[in-house]
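Taking it in order: structure first as structure tokens, then the write-up.
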Amino acid sequence: MIRCCIFDADGTLLDSMPMWRDITYEYAQQKGIHAPEGLHRTLNRLSLEQCAAYYQGLGVPGTVEEIAQELSQCALEGYRTRVPEKPHAGEFLRLLQENHIHIAVATASNREGVLAALRRLGMLPLVEEFVTCTEVGKSKEHPDVYLRCAESFGAAPEESVVFEDSAYAIRTAKAAGFPVVAVEDGISGDGEGQLETREGIARLSDFYLRDYEELIQALTPPEDLAQSLGELLG
């Protein structure tokens with residue numbers, strides 16, 4: 001029986017990964033430093049503060065806090081004005097809410113930016129819990145952000161479903177006992193390692209999702225959506 005669903009934001013609820021990819025290299029260019037090939041994939045698994053520390057290591061001047069603030073401002077405008085939702089994501093959240101399944105967001109990104117996008121897209125009122133990696137003090141290399149969300153609803157990992165687009169985060173959630181739905185994202189699935197490809201991500205997860213409409217159709221009519229979702233993930 002599934003009691004809550006925990007969603008990553010970037011690449012999972014929000015189609016924001018193209019924006020983050022562009023910012024990664026634009027910021028490096030602004031600062032006059034060389035951006036190694038594949039830098040966006042490296043930073044994708046880090047919290048904002050960890051990204052700032054990485055840039056600092058590449059030669060960007062300033063404190064980690066100052067760099068993090070600059071990165072946050074670069075992204076904030078995009079979140080506020082142009083980042084779209086993943087197709088049918090809002091519709092799926094409404095289906096969950098109507099069937100009394102709790103909804104949480106667990107993100108490594110800046111709270112203000114993600115909240116701005118979710119608010120603009122009408123999804124924020126559906127979210128009951130919102131936790132960032134910064135708030136728990138660990139990246140998604142560790143399961144703390146997912147555990148915090150589940151615990152807020154009194155749910156065990158096996159009673160929760162994590163929705164993610166990145167292989168490393170899927171591995172983390174699976175190792176902690178969470179069923180995982182992998183959400184297809186072109187940028188998250190362009191990794192070089194075998195497990196980082198779309199096929200590798202699909203193998204890591206319990207269900208590979210190209211479009212939320214697939215789940216909406218599979219779970220409708222929702223006679224007992226919590227049970228049906230659990231059975232779907234096997």
Side-chain angles (χ1 to χ4, degrees), residues 1-14 41 44-47 50 86 89 92-93 95-97 99-109 111 114 123 126-185 188-189 191 193-210 212 214-216 218-219 222 224-234:
M1 182 73 70
I2 300 302
R3 299 179 59 191
C4 71
C5 290
I6 303 166
F7 294 85
D8 171 50
D10 293 302
T12 302
L13 286 178
L14 304 174
R41 289 192 295 268
N44 183 40
R45 66 180 61 200
L46 304 180
S47 70
Q50 289 172 321
K86 299 287 281 191
F92 182 63
L93 294 188
L95 179 65
L96 293 176
Q97 184 191 60
N99 288 273
H100 312 292
I101 295 178
H102 298 294
I103 298 168
V105 169
T107 180
S109 296
R111 167 180 279 268
V114 173
M123 290 192 280
L126 306 172
V127 176
E128 299 172 68
E129 184 71 14
F130 188 100
V131 182
T132 70
C133 290
T134 297
E135 290 163 355
V136 300
K138 292 183 180 179
S139 74
K140 288 184 179 178
E141 299 282 359
H142 307 273
D144 299 60
V145 69
Y146 306 121
L147 293 170
R148 175 81 66 86
C149 289
E151 289 167 0
S152 71
F153 303 121
E158 62 268 20
E159 298 174 310
S160 313
V161 181
V162 169
F163 289 73
E164 273 285 358
D165 63 300
S166 299
Y168 84 98
I170 292 171
R171 287 195 294 269
T172 297
K174 287 289 291 180
F178 290 92
V180 178
V181 173
V183 180
E184 182 171 277
D185 186 78
S188 298
Q194 185 177 6
L195 292 179
E196 311 296 326
T197 64
R198 291 177 179 85
E199 294 76 14
I201 288 172
R203 288 194 297 271
L204 288 171
S205 64
D206 297 287
F207 189 90
Y208 187 76
L209 186 67
R210 292 173 177 80
Y212 282 99
E214 296 174 46
L215 275 182
I216 294 169
L219 298 171
D224 188 338
L225 190 139
Q227 182 174 338
S228 297
L229 183 55
E231 291 173 352
L232 184 68
L233 299 176

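- Across L14 and M123, no two heavy atoms sit closer than the pair CD2-CE, 4.0 Å.
- The nearest pair of heavy atoms linking G11 to D165 is O-CB, 3.5 Å.
- For the pair P222 and N99, the tightest heavy-atom approach, listed with the atom from each and the gap, is CB-OD1, 3.5 Å.
- Going from atom NE2 of H100 over to atom CG of L225 covers 10.5 Å, rounded to the nearest 0.5 Å.
- Within the 4.5 Å cutoff, no side-chain heavy atoms of F178 are placed close to those of D206.
- When every heavy atom of L215 is checked against every heavy atom of F92, the shortest pair comes out as CD1-CZ, 3.7 Å.
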Considering only distance and modelled atom types, tabulate donor-acceptor pairs under 3.5 Å from the side chains of residues 143-163, sequence neighbours left out.
unit_1, atom_1, unit_2, atom_2, d
Y146, OH, E164, OE2, 2.6
S152, OG, C149, O, 2.5
E159, OE1, A156, N, 2.9
S160, OG, A156, O, 3.0

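- Between the OG atom in S166 and the CG atom in D185 there is a gap of 7.5 Å [rounded to 0.5 Å].
- Taking every heavy atom of both residues into account, C4 and I101 meet most closely at CA-CG2, 3.8 Å.
- The CD atom of E184 sits 5.5 Å away from atom CZ of R198, with the distance rounded to the nearest 0.5 Å.
- Checked by atom type and distance alone, the side chain of R111 never pairs as donor or acceptor with a backbone atom of T134 at under 3.5 Å.
- For the atom pair K138 NZ and C133 SG, the distance stands at 11.5 Å (nearest 0.5 Å).
- Note that the CG atom of L209 and the NZ atom of K86 stand 9.0 Å from one another [nearest 0.5 Å].
- Within the 4.5 Å cutoff, no side-chain heavy atoms of V180 are placed close to those of L204.
- Taking the charged nitrogens against the carboxylate oxygens, D8 and K140 do have a contact shorter than 4.0 Å, which makes a salt bridge.
- Residues passing the side-chain contact (heavy atoms from CB on, under 4.5 Å) test with A182 are I170, I201, S205, Y208, sequence neighbours excluded.
- Distance alone, capped at 3.5 Å, places no donor-acceptor pair between the E128 side chain and the A104 backbone.
- Taking CG of L95 as the start and CG of L219 as the end, the distance is 6.5 Å to the nearest 0.5 Å.
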